[in-house]
Each structure stands twice: as structure tokens, then as C-alpha cells.
Amino acid sequence: MRHVATDLTAPSGAGLVQWNSPLPYMFGGLLLVFGVIAVALMFLACCHDKSSITGPSSGDQKDEKSAEAIDPPAALEPKIVVIMAGDDHPTRAKITDSLHMTIQTADLIETLTALGAEVRWCSCNIFSTQDHSAAAIARDSASVFAWKGETLQEYWWCTKKALDWGPGDGPDLIVDGDGDATLLIHEGVQAAVVCGYGDVGKGCAAALKQVGARVIVTEIDLY
């Protein structure tokens, strides 16, 4: 592209800029092509949205029916994995639960006891207990300390009873819905062993130290 200087004092038309390069025409052509492509994409998008609103055609429905008849890939099928430890009771854990005592959690208790666990249960809410569920579990499966309409004094008594496994004994696992059972553990703890000293172990050790425990760590993080 060659520029010719314009003399402002020259007569009209004497100092016009001359464009001898084809680049402006090529640029305009590219803009036109891109514009056409954009319009075409917008049209296709509108057609797709319309088809999704109006629903599939009869042919699409046939394809869906045929697809439903095909078994899903094995990787997408739900799997239930049961880990056995040589007998019908793979766990001997002692579990304290502080959760709502309802029909749903009754199923959980029965599952845990069927796997060999011992369970002591209290409710994490003074109003949520379903008395018929609590009575059935207490009769058949586990120790339950919960009833609807507990006072706060009764609530803390039930929580302590769920944690009481006898002199010198305690739960292997606590399932705690609101943290109250864990709070009682922290108030009564004197010594705690932290197995591992990565990020999680460091956090546990710091939290236990804050509540006054003597913390023992089984390994040292060299890094």
C-alpha cells in the first residue's frame, strides 16, 4: 500500500490518497464469509432449540425404545460390594451413634448388627425420635437411648449412656449427627494417639491439644 502525501493548499482533488493494494478487498471478503457462517450457526441453534421444545419425532422415539432395550455398559451398572472376613459377620466393631432415631436409621442399625457390629444409639434431636422405631430396635437389635420429647437433662443422659461401654471400654467408631457425642469425648479425654502425621494428622493433633489431651503421634513427617 503506497501513501501519497496530501497538500492542504492544493486545489480540490489534487492530493487524493491512492490505494493500490488488494488487501482491503480481501479483508472485506473475509468479513463477509464470517458473517455468513455466523448467520448459519445461529439458524442451526434455533432449529435445535425448537426440536428440543417440541420433543422427538416418531423416528427418534423408535431410536429411544431400541436404546432402552440395550443393556447398559458394565461400568455404568450399580454394584454392591460385600467384603467378607471369613464368616457371616465381617465386623466386630463397637459403634456409638448419635443420630435421629427413625425408620430410616433403624435400617442402618439392623444392617450394622447383621454385619456383626455392636451398636449403642441415642438421638441427636429431642423431638425427632419415632418411638415405635426406637422400641423395635431396642427389642431386636441394639441398645437405644431415645424417646420423643426428651428434656435437655434426659438428652445428655442418653448421650452418655450411648457412650458407656463399661469400665475401661469405649466405642471403636462414633457416628455423630450434631457433634454432642464428640464433645463429651473431648471433655473426658486424657490421652490420644494420632496414627499418621500428614495434613489430617496434624489437624487432629492440634485439635486434641486444644481440648487438653496428651497427644501421641505414631510417625514423624520428615517433610
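Computed from a predicted model, the values in this text were never measured in an experiment.
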For [X] and [Y], which heavy atoms make the closest approach, and how far apart are they?
{"X": "Leu208", "Y": "Ala192", "value": "CD1-CB, 3.5 Å"}
{"X": "Thr129", "Y": "Lys148", "value": "O-CB, 3.5 Å"}
{"X": "Ile109", "Y": "Ala142", "value": "CG2-CB, 3.8 Å"}
{"X": "Ala181", "Y": "Ser98", "value": "CB-CB, 4.1 Å"}

Rounded distance [0.5 Å steps], [atom1] in [X] versus [atom2] in [Y]:
{"X": "Asn125", "Y": "His100", "atom1": "CG", "atom2": "NE2", "answer": "5.5 Å"}
{"X": "Leu112", "Y": "Asp97", "atom1": "CG", "atom2": "CG", "answer": "6.5 Å"}
{"X": "Gln190", "Y": "Arg214", "atom1": "CD", "atom2": "CZ", "answer": "9.5 Å"}
{"X": "Ile216", "Y": "Cys195", "atom1": "CD1", "atom2": "SG", "answer": "10.5 Å"}
{"X": "Phe145", "Y": "Asp164", "atom1": "CZ", "atom2": "CG", "answer": "8.0 Å"}
{"X": "Leu108", "Y": "Thr113", "atom1": "CG", "atom2": "OG1", "answer": "9.5 Å"}

Between [X] and [Y], is there a donor-acceptor pair closer than 3.5 Å when you use the side chain of the first and the backbone of the second?
{"X": "Glu187", "Y": "Leu184", "answer": "no"}
{"X": "Ser123", "Y": "Ala146", "answer": "no"}
{"X": "Glu150", "Y": "Trp147", "answer": "yes"}
{"X": "Arg120", "Y": "Leu163", "answer": "no"}
{"X": "Trp121", "Y": "Ala162", "answer": "no"}

Under the side-chain hydrogen bond (donor to acceptor under 3.5 Å, both in side chains) rule, collect the residues that match up with [X], sequence neighbours excluded.
{"X": "Asp178", "answer": "Tyr155"}
{"X": "Thr182", "answer": "Asp176"}
{"X": "Thr96", "answer": "Trp165"}
{"X": "Gln104", "answer": "Thr102"}

Check for me, please, whether [X] and [Y] land in the same ILVMFWY cluster - side-chain distances under 4.5 Å, paths through other members count.
{"X": "Val215", "Y": "Tyr197", "answer": "yes"}
{"X": "Ile185", "Y": "Leu173", "answer": "no"}
{"X": "Trp156", "Y": "Met101", "answer": "no"}

Residues in salt bridge (charged side-chain N to carboxylate O under 4.0 Å, His left out) contact with Lys94, at least two apart in sequence or another chain: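 With neighbours one apart ignored, the set is Asp169.
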Would Thr218 and Val193 satisfy side chain to side chain contact (heavy atoms under 4.5 Å, CB included), going step by step from the backbone distance to the final call? CA-CA 7 Å; Thr218 59; Val193 177; 3.7 Å; yes
Can you list every pair that meets side-chain hydrogen bond (donor to acceptor under 3.5 Å, both in side chains) and has a residue in residues 131-142, with sequence neighbours left out?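 Sorted pair list: Gln130-Ser133.
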Do Ile95 and Val175 touch side chain to side chain, with heavy atoms closer than 4.5 Å?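 Ile95 reaches Val175 side chain to side chain.
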